[in-house]
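Numbers here are sequence positions counted from 1. If you're wondering where the values come from, they're calculated on a predicted model, not measured in any experiment.
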Amino acid sequence: QVQLVESGGGLVQAGGSLRLSCEASGSFFSINAMGWYRQAPGKQRELVARIASGGSTSYTDSVKGRFTISRENAKNTVYLQMNSLKAEDTAVYYCNAFVFTTYNGIYWGQGTQVTVSS
């Protein structure tokens, strides 16, 4: 039906950068909002950044000024540029999208691991 596939995770030293990508594929009419969430060990999944179809963005306070979310609608892809990474950014990062299909739905990617060494 709809698949979201993340890529770009990995191991990076504190202060380094990573760029995550998430591409949507399958059968759908269009995509509205997209976002990135993360879940660290022993913690609840939290919203990191969100971008509306028109490009409006929002971020959780802990990543403001360091992370940037963007999207390329023609490619059905959302990105998360992560700079000045900290050890506390270590988590599994999940792509999320509100997708217009025959039945509108919220979809999640499988997650990509980001590990920041201190």
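Here the side chain of Gln39 pairs a donor or acceptor atom with the backbone of Lys43 at under 3.5 angstrom. Using a distance-only test at 3.5 Å, with no hydrogens or angles considered, a donor-acceptor pair links the side chain of Arg71 to the main chain of Ala52. Of the possible polar contacts, none joining the Thr90 side chain to the Thr115 backbone as a donor-acceptor pair under 3.5 Å is found.
A side chain to side chain contact (heavy atoms under 4.5 Å, CB included) with Glu6 is found for one member of Gln110, Gln113, Glu23 and no other, namely Gln110.
Looking at heavy atoms from C-beta onward, Leu85 lies in side-chain contact with Leu18 at the 4.5 angstrom threshold. At least one side-chain heavy atom of Cys95 sits less than 4.5 Å from a side-chain heavy atom of Val78. Annotation: side chain of Thr60 is not in contact with side chain of Leu47 (no heavy-atom distance under 4.5 Å). Put simply, the side chain of Phe100 does not reach to within 4.5 Å of the side chain of Ile31, judged on heavy atoms. Taking 4.5 Å as the limit, some side-chain heavy atom of Gln81 sits within range of a side-chain heavy atom of Ser17.
Linking ILVMFWY residues whenever their side-chain heavy atoms come closer than 4.5 Å, directly or via other members, places Phe98 and Phe29 in the same cluster. Cluster annotation: Leu80 is connected to Tyr107 through the hydrophobic network of ILVMFWY side chains, with a link wherever side-chain heavy atoms come within less than 4.5 Å. Linking ILVMFWY residues whenever their side-chain heavy atoms come closer than 4.5 Å, directly or via other members, places Tyr59 and Met82 in the same cluster. Under a hydrophobic clustering in which Ile, Leu, Val, Met, Phe, Trp and Tyr are joined whenever their side-chain heavy atoms come within less than 4.5 Å, directly or via other members, Val92 and Tyr79 fall into different clusters. Note: the hydrophobic cluster containing Ile51 does not contain Tyr37 (ILVMFWY, side chain heavy atoms under 4.5 Å, direct or indirect links).
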Inset, instruction - In sequence, state the C-alpha distance, the side-chain angles, and the governing distance for Asp61 and Lys64, and then conclude on salt bridge (charged side-chain N to carboxylate O under 4.0 Å, His left out). - result: CA-CA 5 Å; Asp61 288 342; Lys64 287 181 179 177; 3.0 Å; yes
Legend entry - Test side-chain contact (heavy atoms from CB on, under 4.5 Å) applied to Met34 and Asn76, step by step: CA-CA 10 Å; Met34 304 185 78; Asn76 297 315; over 6 Å; no
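Closest approach of Ala87 and Ser118 over heavy atoms only: CB-CB, 4.0 Å. Contact detail for Asp89 and Ser84: the closest heavy-atom pair is OD2-O, 4.4 Å. Considering all non-hydrogen atoms of both residues, Thr57 and Ile69 come closest at CG2-CG2, 3.6 Å. Nearest heavy-atom pair across Ser53 and Asn73 is O-ND2, 3.7 Å.
Summarising the local packing, CZ of Arg45 is surrounded by more than 12 heavy atoms from other residues, nucleotides or ligands at distances under 6.0 Å.
Taken to the nearest 0.5 Å, the OG atom of Ser27 stands 8.5 Å off from the CD atom of Gln3.
Taking the six-membered ring where tryptophan is involved, the planes of Tyr94 and Trp108 are perpendicular, since the angle between them exceeds 60° and thus also 30°.
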